[in-house]
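Notes follow once the structure below has been shown.
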Amino acid sequence: MATGGPAPAVAELARRRGFYFRASAVYEGGAGFYTYGPQGAALKANVEARWRERFTDQEGHLQVDAPTIMPEAAFAASGHLDGFDDAMVTCGACGSAHRADQLIEATTEIDGAEEMAPDAQAAAIADAGIDCPTCGASLAGEPVEPFNLMFPTPIGPGSQEPGYLRPETAQAIFVEFPRLKEYARGQLPFGVTQIGRAYRNEISPRRGIVRTREFTQAELELFIDPDDPGPEPTDWGDTTVQLWSAADQRAGRQPQQQTVAAAIAEGVLANRWIAYHIAAAAAWYAQIGVDPARLRFRQHRSGERAHYASDCWDAEAEVGDGWIEIAGFAARGQYDLQHHAAAADADFSMYVPLAEPRTETVVEVDVDMSTLGPRFGAAAPAVAAAVERACKADPGCAADATVTVTVDGEPVEVDTAAVSVTESEQTIAGRQVTPAVIEPSFGIDRTVYTLLVHAFDEDTLDGEPRSVLRLAPAVAPTEVGVFPVVSNAPALVERAEAIAAELRTAGLRVTYDAGGSIGRRYRRQDEVGTPLAVTVDAAATEDETVTVRARDTGAQVRVPADALVAVLRTMLEADGAIDAAAAAGHPVEPVG
Ligand code: GAP
């Protein structure tokens with residue numbers, strides 16, 4: 001396992017070796033936008049592919065790919081237009097804007113500044129004597145104000161229709177729910193996933209790809225019956241995780257290491273659907289190379305939760321200079337679907353059959369409008385509705401000569417000769433419900449950053465210091481480097497090129513490199529995390545063998561060329577372990 005690198009070393013490696021760099025730098029483009037270079041784009045695509053395999057394919061969920069610009073009405077309904085704010089303090093001297101809670105937490109002992117009211121934040125800034133990080137002027141006396149993080153964009157010419165870049169991929173799923181429930185054939189629970197861009201006009205973008213203004217989310221919206229308590233823990237309950245409950249945070253206690261099943265039994269994980277996805281995420285993170293010792297799940301304290309969430313846990317990774325949130329697991333309840341249903345006047349509900357059909361007494365009330373109309377005029381429908389409600393609640397109402405109801409605050413007496421009440425036994429087989437939502441939401445960029453930090457290592461190999469990325473083969477940009485041992489022997493070069501082509505055809509991610517000494521080529525691939533290197537030397541044209549070298553140890557084996565694909569696959573599946581091939585019975589010989 002890598003020791004993990006300090007943030008500056010990783011950022012420098014990322015820039016130098018083409019993982020990511022600031023976008024539009026030639027024009028000094030706006031802060032908070034990053035371009036993934038060749039290595040980073042491949043790493044990110046592999047992380048997305050592994051996520052899709054685990055959280056879409058293995059779960060049997062549906063997938064969508066929706067537009068990133070959405071109409072204002074969608075965000076008025078979702079609550080983002082009014083409530084998606086961060087607290088901002090603006091420097092009166094230089095005009096630069098800063099996130100108030102971050103300034104307070106970086107400068108004082110206060111934890112949870114995000115939960116403070118704006119006035120309290122302004123007072124804390126004044127009390128702590130916090131100065132503007134840009135120009136050094138005092139921020140005391142400056143107001144703290146909400147700043148909406150959404151990017152507005154007019155849709156079409158003439159700015160007729162206001163729109164916004166989506167601040168989370170989730171809303172693009174919720175607005176399509178009336179169609180999606182049809183594709184799910186009306187069955188709950190069902191999940192819809194989406195990997196795509198989200199945009200937030202962050203007040204203080206920082207730490208490279210950790211807090212940007214355009215980023216990639218991989219979100220799963222799981223639609224459930226609100227009464228569904230979630231699955232009973234089976235083998236997934238055995239997953240051990242570090243959990244930091246809101247109660248432990250408030251009491252100043254450290255996170256607890258426990259199995260998910262134990263946390264459910266103790267009520268630490270009160271929501272079994274969230275528990276299931278925390279277990280799934282912990283296993284997935286380990287598979288792609290997040291160090292389990294540097295991963296924890298932290299519950300939101302009540303003041304921290306988003307406007308839609310009733311319970312929320314973040315996955316947090318330690319990245320050398322502190323912990324960052326890399327994913328969130330929220331119980332969003334019926335909030336989103338109910339709000340879109342009301343605003344769009346569309347049907348966001350589903351019919352849920354009861355496990356056991358039951359018999360109920362159904363009361364039907366019929367009010368004779370030909371009697372009520374002449375007597376009450378325009379108020380007749382309201383009077384009839386009030387009578388209907390009263391008699392449904394008390395089916396015996398018609399036994400009296402009159403029934404008295406309240407309409408617009410006034411008592412109204414209605415002759416029961418105009419009212420007929422019937423009661424009948426009916427079998428109820430199901431009910432119409434608005435589903436609740438469980439949402440695991442992963443930040444892909446922060447996952448990529450965490451993988452780089454956790455994989456980064458510096459060691460000495462063959463007497464030489466080197467930096468190496470110990471990336472898991474499942475996500476490494478390149479799985480196999482192929483090198484002719486020298487570049488001035490045409491037969492050997494031709495053989496090496498042919499081997500690289502064969503490996504690509506077999507579906508492996510291959511880099512061919514004939515430039516510089518073989519030692520330098522090994523170092524180049526070590527630094528970008530390539531787990532295995534195939535070296536083609538004279539033996540390749542004589543006895544048809546090549547050598548395979550492991551990134552992590554430098555150990556080498558000689559392999560018959562016709563067994564190469566199978567040998568490499570075995571090693572890659574064993575996390576790049578070179579001895580896995582001999583253990584699996586492949587014809588390999590140790591070198592040296
Ligand atoms: N739909 C729920 C939602 O968007 P969130 O906690 O705001 O929840 C989910 O975001 C994930 O998206 C975070 O855990 C983080 O990994 C990522 N994320 C959020 N804001 C980001 C930003 N400005 N830059 C990079 N990643 C970000």
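The shown structure was predicted, so the numbers you read here are calculated from the model rather than taken from an experiment. In listed order, ligands and their atoms are each counted from 1.
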Quick check, are the ring centers of F33 and Y199 under 6.0 angstrom apart?
no
Any donor-acceptor pair under 3.5 Å from Q217 side chain to A198 backbone
no
Mode of T169 contact toward ligand 1 - side chain, backbone, both, neither (heavy atoms, under 4.0 Å)
neither
Could you see which bit of E202 sits under 4.0 Å from ligand 1, with heavy atoms only: side chain, backbone, both or neither?
side chain
Can you sort out which atoms of ligand 1 are near E168, meaning under 4.0 Å from one of its heavy atoms?
1 (N), 2 (C), 3 (C), 4 (O)
Charged N-O contact under 4.0 Å between R200 and E168:
no
Identify which one of D552, D526, D575 satisfies the salt bridge (Lys or Arg N to Asp or Glu O under 4.0 Å) criterion when paired with R470.
D552
Atom 18 (N) of ligand 1: nearest protein contact (heavy atom, Å)
F215 CE1, 3.6 Å
Among all the protein's non-hydrogen atoms, which is closest to atom 9 (C) of ligand 1, and how far away is it?
S441 OG, 3.1 Å
Tell me the protein heavy atom at minimum distance from atom 10 (O) of ligand 1, and give that distance in Å.
Q217 NE2, 3.4 Å
Testing F442, Y276, W273 one by one against F329 for a ring-ring contact (aromatic ring centres under 6.0 Å, His included), which residue passes?
F442
Just jot down the ligand 1 atoms closer than 4.0 angstrom to any heavy atom of E439, in number order.
1 (N), 2 (C)
Looking at the rings of F177 and F223, which for Trp means the six-membered one, are their centres under 6.0 Å apart?
yes
Below 4.0 Å, non-hydrogen atoms only: which portion of E325 touches ligand 1? Side chain, backbone, both or neither.
both
State whether the side chain of W244 and the backbone N or O of R253 hold a donor-acceptor pair below 3.5 Å, judged by distance alone.
yes
Check ion pair R213-E202 (N to O, under 4.0 angstrom)
no
Geometry only, no angles: is I326 polar-contacting ligand 1 at N/O separations under 3.5 Å?
yes
Going by distance alone, is a donor N or O of one side chain under 3.5 Å from an acceptor N or O of the other, for Y36 and D445?
yes
Best match, T450, I444, T212: closest heavy atom to atom 24 (N) of ligand 1
T212
Please confirm whether R332 approaches ligand 1 to less than 4.0 Å, judged on its heavy atoms.
yes
Does R551 form a salt bridge (charged side-chain N to carboxylate O under 4.0 Å, His left out) with D457? I'd like the steps, not just the answer.
CA-CA 12 Å; R551 170 198 70 200; D457 202 3; over 6 Å; no
Say whether D445 and ligand 1 are in contact under the criterion: heavy-atom distance to a ligand atom below 4.0 Å.
no
Below 4.0 Å from ligand 1: does a non-hydrogen atom of T216 turn up there or not?
no
Closest protein heavy atom to atom 26 (N) of ligand 1, given as residue, atom name and distance to 0.1 Å
R446 NE, 3.4 Å
Under 6.0 Å from the ring centre and within 45 degrees of the ring axis: does the NZ or CZ of R50 meet both conditions for the six-membered ring of W284?
no
Return the closest protein heavy atom for atom 17 (C) of ligand 1 as residue, atom name and distance.
G443 CA, 3.7 Å
Here the atoms of ligand 1 under 4.0 Å from any heavy atom belonging to E219 are 1 (N), 2 (C), 3 (C), 4 (O)
Protein contact of atom 25 (C) of ligand 1 - nearest heavy atom, named by residue and atom, plus distance:
V210 O, 3.2 Å
Atom 7 (O) of ligand 1 [closest protein heavy-atom partner, distance rounded to 0.1 Å]:
R200 NH1, 2.8 Å
